[in-house]
Amino acid sequence: MKINENKKDIKDIVNEILISLNINESINIEIKPMKQKIASFSFKTKTLRLNKYVVENFDEELLHYIILHELIHFKIKSINHGIKFENELRNYFSKNECDEIELKIIQKLI
């Protein structure tokens with residue numbers, strides 16, 4: 001699952017984030033074409049799904065943010081972006097950093 005020679009393996013990024021979030025459960029990773037989403041997480045199958053286009057075309061910073069975002073949902077056991085989600089995300093990125101990264105993601109998609 002190597003993205004390209006200049007980027008880390010997706011599994012390595014996921015494992016680093018799992019450790020930083022203190023998640024001790026193993027998860028599955030799927031990379032596949034997705035029409036509407038850049039990523040999603042299935043609580044039922046413990047599967048992180050990543051859009052193939054995103055994996056192939058986004059840099060490591062953006063991939064890290066996207067994967068962290070999805071795994072925070074898994075950690076807090078919620079699909080919502082409420083205060084619990086925001087507090088966990090703030091352990092890694094300030095509000096301004098999130099806004100900047102999300103803008104970069106949007107710009108890459110259009």
Side-chain angles (χ1 to χ4, degrees):
M1 269 193 255
K2 197 73 156 173
I3 305 162
N4 69 37
E5 293 306 313
N6 300 323
K7 294 184 193 171
K8 286 184 187 174
D9 186 84
I10 289 293
K11 287 182 183 178
D12 292 337
I13 296 171
V14 169
N15 286 332
E16 287 172 10
I17 295 170
L18 287 170
I19 291 167
S20 72
L21 289 171
N22 288 323
I23 297 173
N24 297 317
E25 300 174 63
S26 62
I27 63 160
N28 302 305
I29 304 168
E30 289 181 359
I31 298 173
K32 61 186 203 173
M34 301 168 87
K35 291 182 181 180
Q36 299 284 327
K37 296 182 178 187
I38 59 173
S40 66
F41 192 87
S42 169
F43 291 95
K44 184 178 179 180
T45 62
K46 293 184 184 177
T47 301
L48 170 65
R49 292 186 194 99
L50 298 167
N51 185 311
K52 184 178 178 188
Y53 173 83
V54 168
V55 170
E56 291 173 348
N57 295 288
F58 282 29
D59 64 30
E60 195 173 313
E61 174 195 31
L62 300 181
L63 288 171
H64 185 275
Y65 181 83
I66 292 165
I67 293 167
L68 175 68
H69 178 109
E70 294 303 325
L71 292 179
I72 287 174
H73 284 297
F74 178 56
K75 178 178 182 173
I76 67 169
K77 306 295 187 222
S78 172
I79 61 169
N80 297 317
H81 294 109
I83 193 73
K84 200 171 182 182
F85 179 89
E86 290 294 327
N87 287 340
E88 189 66 41
L89 187 58
R90 291 298 162 261
N91 290 327
Y92 301 91
F93 295 100
S94 71
K95 173 80 169 99
N96 286 343
E97 289 171 321
C98 288
D99 291 346
E100 288 173 15
I101 292 170
E102 290 172 9
L103 181 60
K104 287 180 187 177
I105 290 170
I106 291 167
Q107 289 171 335
K108 294 276 289 178
L109 291 171
I110 54 175

Using the side chain to side chain contact (heavy atoms under 4.5 Å, CB included) rule, take R49 and F41 through it: C-alpha gap first, then chi angles, then the decisive distance, then the call.
CA-CA 6 Å; R49 292 186 194 99; F41 192 87; over 6 Å; no
For H69 and I66: C-alpha separation, side-chain torsions, deciding distance, then whether side chain to side chain contact (heavy atoms under 4.5 Å, CB included) applies.
CA-CA 5 Å; H69 178 109; I66 292 165; 5.6 Å; no
Would you check, one step at a time, whether the test side chain to side chain contact (heavy atoms under 4.5 Å, CB included) holds for L48 with F74?
CA-CA 9 Å; L48 170 65; F74 178 56; over 6 Å; no
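A 4.5 Å side-chain heavy-atom check between L50 and V54 finds every atom pair outside the cut-off. Proximity of V14 to K11: side-chain heavy atoms (C-beta onward) are nowhere separated by under 4.5 Å. Taking the side chain as every heavy atom from C-beta outward, T47 and I29 never approach each other to under 4.5 Å. Looking at heavy atoms from C-beta onward, C98 lies in side-chain contact with L89 at the 4.5 angstrom threshold.
Between atom CD of residue E16 and atom CG of residue L68 there is a gap of 12.0 Å, rounded to the nearest 0.5 Å. With rounding to the nearest 0.5 angstrom, the CD1 atom of I67 is 9.5 Å from the CG atom of L18. Rounding to the nearest 0.5 Å gives a distance of 8.5 Å between CD of E100 and CG of L103. Note that CD1 of I106 is 12.5 Å distant from CD1 of I101, once rounded to the nearest 0.5 Å. Atom CD1 of I72 sits about 9.0 Å away from atom CZ of R90, to the nearest 0.5 Å. In this structure, the separation between NZ on K52 and CG on N57 is 10.5 Å, given to the nearest 0.5 Å.
Between H73 and N80 the shortest heavy-atom distance is CE1-O, 3.5 Å. Minimum interatomic distance between M34 and K37 (heavy atoms only, all atoms of both residues): CB-O, 3.5 Å. Nearest heavy atoms, H64 versus F93: ND1-CZ, 4.2 Å. Of all heavy-atom pairs between L71 and I17, the closest is CD1-CG2, 3.7 Å.
For the pair K75 (side chain) and L21 (backbone), a donor-acceptor distance under 3.5 Å is present.
Enclosure of atom CG in N28 by more than 12 non-hydrogen atoms of other residues, nucleotides or ligands within 6.0 angstrom is indicated. I79 CD1: 12 or fewer foreign heavy atoms inside a 6.0 Å radius.
The pair E25-K77 meets the salt-bridge criterion, with a side-chain N (NZ, NE, NH1 or NH2) lying under 4.0 Å from an Asp/Glu carboxylate O.
Judged as a side chain to side chain contact (heavy atoms under 4.5 Å, CB included), and not counting sequence neighbours, the contacts of K104 are E61, L62.
No side-chain donor-acceptor contact under 3.5 Å links Y92 and E97.
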